[in-house]
Every structure is written in structure tokens, then in C-alpha cells.
Amino acid sequence: MNREMIIVLDFGGQYNQLIARRVRECNVYCEVHPYTLGLEKIKEMNPKGIIFTGGPNSVYLEESPHIEKEIFDLGIPILGICYGSQLMAYTLGGKVATAPVSEYGKTEVKVDKSSVLFKNVEPTTVCWMSHTDYIAEAPEGFQATAHTPVCPIAAMECPERKLYATQFHPEVMHTVEGMKMLHDFVYDVCGCSGDWKMDSFVTTTIDALRQKIGTGKVLCALSGGVDSSVAAVLLSKAIGKQLTCVFVDHGLLRKNEGDEVEAVFGPEGPYELNFIRVNAQERFYSKLAGVEEPEQKRKIIGAEFIHVFEEEAKKIGAVDFLVQGTIYPDVIESGLGKSAVIKSHHNVGGLPDCVDFKEIVEPLRLLFKDEVRKVGLELGIPEYLVFRQPFPGPGLGIRIIGEVTAEKVRIVQDADFIYREEIAKAGVDKKLGQYFAALTNMRSVGVMGDFRTYDYAVALRAVATSDFMTAEAAEIPWEVLQKVMNRIVNEVKGVNRVFYDLTSKPPGTIEFE
């Protein structure tokens with residue numbers, strides 16, 4: 001498809017995908033590529049603009065990532081962010097040095113409103129800084145357009161060459177007016193018109209899937225979550241009964257969820273596809289017995305999922321394509337590219353050798369969660385399913401700290417059900433990015449009636465987020481938390497204490513393990 005595109009070149013920054021997410025919020029398609037992409041490939045892709053990400057290195061060290069100087073002569077607008085700004089300065093003859101004073105966190109920045117990046121921004125605005133090096137001297141032809149008391153070049157530009165740079169991170173929520181800056185770069189500097197819309201994505205994706213698959217047989221791993229559900233319906237719209245969905249109930253789902261998935265996608269549901277449910281609860285519990293380390297649990301659950309899936313695939317016979325609901329955050333958090341591995345996902349990477357298929361299909365691989373939801377609505381999937389809470393592939397296995405047992409699964413299912421029910425009753429669910437109950441491995445003394453108890457503590461988690469790359473702990477009304485606590489302690493056998501998790505992401509992750 002011929003469409004406008006901004007390229008993000010990744011220099012190892014933790015916010016690389018977030019930059020792409022923000023550009024797409026401007027209705028402009030954006031892809032992330034390693035900084036080693038090369039000039040010829042960039043020319044071939046013909047982007048409307050390029051953004052350099054941040055990164056942990058110092059540009060003046062030989063081993064740090066660098067870029068070909070000729071990229072600045074392509075005539076393509078470039079925005080450098082943090083390390084990217086320093087790289088631009090250093091490569092073009094400016095001076096980068098260790099800053100006399102490092103800046104971290106929210107910082108007041110004074111901007112030059114004559115700059116195209118800052119024309120819609122307040123003269124003094126709050127931005128997110130994270131640097132120990134700084135641009136000590138701008139390259140020839142550049143002018144400083146922002147500063148702080150300790151950072152004389154917090155932003156710089158050379159409008160004649162369409163080169164712009166910010167030492168701060170406009171892509172993070174903590175930069176209050178960052179979206180205005182990115183919007184103005186994308187539209188006023190790069191000249192984009194904004195042709196990235198979900199309705200066109202749905203139409204072109206269905207057409208592309210139909211053309212790619214032809215008369216082939218397709219197998220889909222269906223979890224019942226938003227991502228795999230949207231992927232399944234896309235395939236159903238494209239090829240109908242050529243699609244077989246295998247739903248593996250590993251016994252680590254939320255309460256009643258297995259039956260709910262079958263009601264939507266099974267024979268009585270509205271979608272044209274073949275549906276197979278595999279009840280493998282005891283099999284997974286047996287494999288997890290005695291295992292406490294979280295990454296080991298993930299690997300066991302992922303491997304066993306693949307084994308069950310292989311067995312079902314063999315019953316079906318040879319298929320041409322395997323479908324997965326992988327989305328962009330899965331890709332980056334599984335360590336593909338330059339960023340650090342945060343956690344592994346069993347739906348990203350290695351394919352089962354024993355399943356006889358030609359190719360994997362991941363129609364949502366380049367979408368963020370909110371974009372997946374928009375696709376779901378475009379497809380006519382019911383809102384209650386589209387806005388279902390995100391749920392990890394390993395399920396409750398990573399919401400149970402320590403060993404997983406059938407009894408612990410029952411506890412966390414019941415506690416989570418109560419939590420979600422009360423959150424919905426209070427009407428605060430629509431404001432939350434994700435919320436759930438987890439079971440800690442802590443046991444403590446309690447008093448219930450005239451009896452002493454020694455039971456588990458449940459932890460409640462709720463975050464506000466727009467992109468799932470960063471998140472803040474949500475401020476749940478105290479009376480709601482009190483009601484949830486009372487119900488869990490009184491109704492869930494084996495629990496005598498309830499905590500609320502206040503940790504943001506970073507430094508924590510949204511899930512517990």
C-alpha cells in the first residue's frame with residue numbers, strides 16, 4: 001500500500017515504540033527500524049520524515065551507535081530525540097560533552113515560540129529529561145530553540161535543512177505539550193496529510209489476507225483476548241471456513257472465561273470459522289508443580305501451549321498458515337531489536353517445528369493495543385469483547401507469585417472476579433487501562449470471628465495508560481477499594497489480607513511477573 005510514512009531509527013532507547021505510537025496518534029503511519037537500516041533502504045522506503053530515538057550511550061565513544069553523515073543530505077526532515085539530538089550535533093560538527101549537571105524527570109524548559117516545533121507551546125513548558133551528556137556547542141547553521149538553567153541547548157534546529165532536535169523526550173506523557181511538538185513536526189515540517197486510519201487498515205488487511213492465503217487452510221491460536229479475537233475475526237472475514245481456531249484452556253484463565261470464549265466463537269457464535277476447544281487444565285498444573293521462578297513458568301506455559309497446539313494441528317492435518325495475535329508491544333518487550341528483554345512471550349518468536357505449515361501470519365504485529373481495539377470496532381465485534389481487559393498469554397500463571405496450584409488459581413479467579421465486578425459497578429472501569437487481582441506468596445496472621453487465620457494476601461493492581469508502554473497507578477476511590485477488600489476477605493476462602501499496588505511503569509511492569 002502506498003501511504004505516508006515516518007521512520008523511527010532505534011539507537012537503543014526505551015521509548016522507541018512509544019515514539020511510533022505518538023506519530024500514529026497523528027494519523028500518520030510509523031515504523032521502527034534499527035539505526036543500521038542503511039541509506040539505500042531509507043531511500044527505497046521514501047519516508048516523509050525520520051526520527052532518531054534516545055539511547056543509553058555517549059556519542060563521543062567509538063563503540064557507541066553512529067549514523068552515516070550523508071543521511072542529513074537526503075532532504076528528508078529529521079528529528080533527533082535525546083541521544084538522537086546529541087548524535088545529530090556530534091555528526092555535523094557540534095560538541096557533545098558530559099553535562100556539569102545531569103537532568104532527570106520533569107523539568108521546566110523555556111522555548112523559542114518562533115520555532116515550528118514550539119509555535120503552539122507555552123513559553124515555559126514541562127518536559128521529561130533523562131541525560132548525563134548534553135550538547136555543549138551546536139553545529140554550524142543550527143540555532144538553540146530551548147534551554148533550561150543547566151542545559152543551554154535543550155532544543156536546536158536548522159530549518160533550511162529541515163533538521164530538528166530536542167534533548168528532552170516529547171513522546172512521553174510527562175512532557176505536557178509533547179504531542180503538539182510531534183504533531184507540528186509531522187505536519188508542518190514533514191508535510192504529512194494524515195492518511196493512517198483504521199477503516200482503511202481493515203479493508204486493505206482483509207484484501208491482503210485473502211490474496212495471500214488464497215484457498216489455503218489456516219490455523220489460529222485463539223486465547224479469547226482482544227488481540228487474538230480481532231486477528232481471528234479479520235481472518236474469518238477474509239477466508240471464512242478455511243480458518244480453524246484452536247482455543248487451549250490451560251486452566252489459567254479468568255473466572256468463567258473459557259465458557260465465554262466458546263459462546264462467542266463456538267458453533268452458536270456469529271462468526272464463520274471452525275472452533276476447537278481443548279480442556280488441558282490438569283496437564284498445565286502438572287507441568288507447573290513445584291516451579292516458582294517467573295521466567296521458568298512463562299517458558300513452561302509457552303512450551304506446553306505449543307505442544308497442545310501441535311497435537312491439535314496433527315489431528316487437523318497439514319495447514320498452510322499459522323495465525324497469531326502478536327502486537328507491537330509484544331514484539332518490543334520480547335527483546336526484538338535493540339531494546340532490553342523485559343519478559344518473554346510464548347506468542348512471539350520461535351515456531352513449532354512439528355506443525356506442518358508454510359508461513360506464520362500476524363495481521364496485528366504492527367499495531368498498538370488501542371489501534372487493535374479500533375480495528376475490532378470497525379469489524380463490528382461487540383464492545384464488551386473489544387474493551388475486554390488485556391490478559392497475558394501465560395494467564396494467571398504470572399499473577400500467582402510462586403508455585404501455581406489449582407487451589408491458588410481458584411483463589412485468584414474469585415478475588416479477581418470480585419474486583420472487576422466492583423470496579424464496573426462503581427463506573428470507573430472505562431478510565432482504567434488495566435486492572436486485576438494477583439495472589440502474592442505471602443501468608444500472614446489474621447483474625448476472623450473467634451479464630452486465628454494464617455492465609456494469603458491478595459494484591460490489587462490498576463493502572464492508567466494510553467499505550468501500555470508507560471503507566472501510572474490509578475487512583476481508585478477509597479470506598480471502592482474498601483468494598484473490594486471486605487468482599488474478598490469474606491467471600492474468598494484462603495485470603496485474609498488485601499493490598500493495593502501503587503507502582504508505576506517504569507520502574508515496575510504492569511503485570512507482577
Check: Any side-chain donor-acceptor pair under 3.5 Å between Thr125 and Glu177?
Finding: yes
- prompt: Looking at Phe436, is Arg399 sitting on its ring face, NZ or CZ under 6.0 Å from the six-membered ring centre and within 45 degrees of the normal?
  reply: yes
Notebook entry, point to check: Passes side chain to side chain donor-acceptor pair (under 3.5 Å), Ser223 versus Ser228? Steps please.
Noted result: CA-CA 6 Å; Ser223 71; Ser228 67; 3.0 Å; yes
**Prompt:** In terms of side-chain heavy atoms, does Gln281 have a donor or acceptor partner in His250 at a distance below 3.5 Å?
**Reply:** no
Tell me whether Thr166 contacts the main-chain N or O of Ala155 through its side chain, where contact means a donor paired with an acceptor under 3.5 Å. no
query: Could Glu479 and Lys483 be called an ion pair, given the rule that one side-chain N must be under 4.0 Å from one carboxylate O?
result: no
Centroid-centroid under 6.0 Å between Phe52 and Phe11 rings: yes
*N/O donor-acceptor pair under 3.5 Å between Asp455 side chain and Val445 backbone*: no
Using 4.0 Å as the upper bound for N to carboxylate O, is an ion pair formed by Lys369 and Asp227? yes
Aromatic ring proximity, centroids under 6.0 angstrom, Tyr104 and Trp128: no
Would you check if the side chain of Tyr83 reaches a backbone N or O of Pro65 as a donor-acceptor pair within less than 3.5 Å? yes
- Please determine, by modelled atom types, if Gln413 and Glu257 share a side-chain donor-acceptor pair under 3.5 angstrom. no
Item to check | Polar side-chain atom of Arg373 near backbone of Val386 as donor-acceptor pair, under 3.5 Å | outcome: yes
- Query: Hey, is Lys374 close enough to Glu371 for a salt bridge, meaning N to O under 4.0 Å?
  - Reply: no
message = Can you confirm if the aromatic rings of His169 and Tyr15 lie within a centre distance of less than 6.0 Å?
response = yes
| task | Report yes or no: do Asn279 and Arg277 form a side-chain donor-acceptor pair below 3.5 Å? | result | yes
Axial cation check for Tyr456 ring with Arg443, 6.0 Å and 45° limits: yes
Could you go through the salt bridge (charged side-chain N to carboxylate O under 4.0 Å, His left out) check for Arg410 and Asp414 one step at a time?
CA-CA 6 Å; Arg410 192 267 311 162; Asp414 289 347; 3.8 Å; yes
Next on the checklist: One thing to verify: whether Glu421 and Arg487 come together as a salt bridge, which I'm taking to mean a side-chain N less than 4.0 angstrom from a carboxylate O.
Outcome noted: yes
Spell out, as yes or no, whether a donor-acceptor pair under 3.5 Å connects the side chain of Glu293 to the backbone of Gln296.
yes
Residue pair Met442 / Phe499, side-chain heavy-atom distance below 4.5 Å | yes
>> When you measure from the side chain of Arg22 to the backbone of Met179, do you find a donor-acceptor pair of N or O atoms at a distance under 3.5 Å?
In response: no
Hey, does Phe391 have a side-chain heavy atom less than 4.5 Å from the side chain of Leu396?
yes
Beyond-backbone contact of Phe309 with Val278, side-chain heavy atoms, under 4.5 angstrom
no
Those residues at least two apart in sequence (or on a different chain) that pass side-chain contact (heavy atoms from CB on, under 4.5 Å) with Pro100 are Tyr134
- Message: Keeping Thr205 on the side-chain end and Phe201 on the backbone end, is there a donor-acceptor pair under 3.5 Å?
- Response: yes
Any chance the side chains of Asp10 and Asn16 put a donor and an acceptor closer than 3.5 Å?
yes
Q | Residue pair Gln167 / Glu103, side-chain donor-acceptor N/O under 3.5 Å | A | no
Heavy-atom closest pair (Gly397 atom, Ile301 atom, distance to 0.1 Å) is CA-CD1, 4.1 Å
Exercise. Do the side chain of Asp416 and the main chain of Ala437 share a donor and acceptor less than 3.5 angstrom apart?
Worked result: yes
- Using atom types as modelled and distance alone, determine if a side-chain donor or acceptor of Ser64 lies under 3.5 Å from a backbone N or O of Ser58. yes
Worksheet entry | Check against side chain to side chain contact (heavy atoms under 4.5 Å, CB included), Glu31 and Tyr29 | CA-CA 7 Å; Glu31 288 183 355; Tyr29 182 67; 2.9 Å; yes
Could you tell me whether a side-chain N or O of Arg388 sits under 3.5 Å from a main-chain N or O of Glu383, the two making a donor and an acceptor? no
Practice item. Look at atom CD of Glu475 and say whether more than 12 heavy atoms of other residues, nucleotides or ligands are closer to it than 6.0 Å. Key: no
